Protein chains: 2
Amino acid sequence: MAKYMDVHHSMKGITEEKLREAHNADLAIEKDEQVHFEMAWADPESGRVYCLSEAPSAEAVQRIHERAGHKADEIHPVPLTVQ
Amino acid sequence: MAKYMDVHHSMKGITEEKLREAHNADLAIEKDEQVHFEMAWADPESGRVYCLSEAPSAEAVQRIHERAGHKADEIHPVPLTVQ
């Protein structure tokens, strides 16, 4: 398992409610691929959404996002974290 | 105060130690601009680094990153968060 940051580019105008709905759609099916979406951050003005997940592969992350109706534009493994 | 996600594109080969050093360089001076860098995630292969901060403006985030020696390539406010 590894950490991934994925980025969506085209979610202009996203609201708190829509972000919550999208995140819940991922959570509802994520176990099918042993993925867990931990957090997401959105910028309604630029349309960027960043999702942090723990997953077996980038492909597994994408399969969940695709089935939930919001394919990611970029997915990067982020093996290093600082806090 | 608002949340920001900034992205660095050119940190290929970054190590855990270098990420920690870069983050500490930000932490050492962040108070000058009322910024707080909360977390950072890095992908040594693509060179992408994502930093999550709380700050008064994107310009304040950039001033700290510039003084610490690592200007951000993108800075986006992320007013929406889900967990």
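The shown structure was predicted, so the numbers you read here are calculated from the model rather than taken from an experiment. Below, chain A is the first sequence line, B the second, and so on; all start at residue 1.
- In this structure the side chain of Met5(B) reaches within 4.5 angstrom of the side chain of Met5(A), judged on heavy atoms.
- In this structure, the portion of Leu52(B) lying under 4.5 Å from any heavy atom of chain A is its side chain and not its backbone.
- Using non-hydrogen atoms only and a strict 4.5 Å limit, the part of residues 76-83 of chain A facing chain B consists of His76(A), Pro77(A), Val78(A), Pro79(A), Leu80(A), Thr81(A), Val82(A), Gln83(A).
- In this structure, chain A has a heavy atom under 4.5 Å from the side chain of Val7(B), while its backbone stays farther away.
- For the options Ser46(A), Cys51(A), Ala40(A), heavy-atom pairs under 4.5 Å to chain B are most numerous at Ala40(A).
- The hydrophobic clustering, which links ILVMFWY residues whose side-chain heavy atoms are closer than 4.5 Å, places Leu19(B) and Ile29(B) apart.
- Atom NZ of Lys3(B) is surrounded by more than 12 heavy atoms from other residues, nucleotides or ligands within 6.0 Å.
- The contact between Arg20(B) and chain A is made by backbone and side chain atoms together, counting heavy-atom distances below 4.5 Å.
- No more than 12 heavy-atom neighbours from other residues, nucleotides or ligands sit within 6.0 angstrom of CD on Glu45(A).
- In this structure, Met1(A) is not a member of the same hydrophobic cluster as Val61(A), with clusters built from ILVMFWY side-chain heavy atoms closer than 4.5 Å.
- Hydrophobic clustering of Ile, Leu, Val, Met, Phe, Trp and Tyr side chains at less than 4.5 Å, counting indirect connections, unites Met39(B) with Tyr50(B).
- Looking at Glu74(B), the atoms closer than 4.5 Å to chain A (heavy atoms on both sides) all sit in the side chain, from C-beta outward.
- Proximity to chain A (any heavy atom under 4.5 Å) is shown, for Glu16(B), by both the backbone and the side chain.
- The hydrophobic clustering, which links ILVMFWY residues whose side-chain heavy atoms are closer than 4.5 Å, places Met11(A) and Trp41(A) apart.
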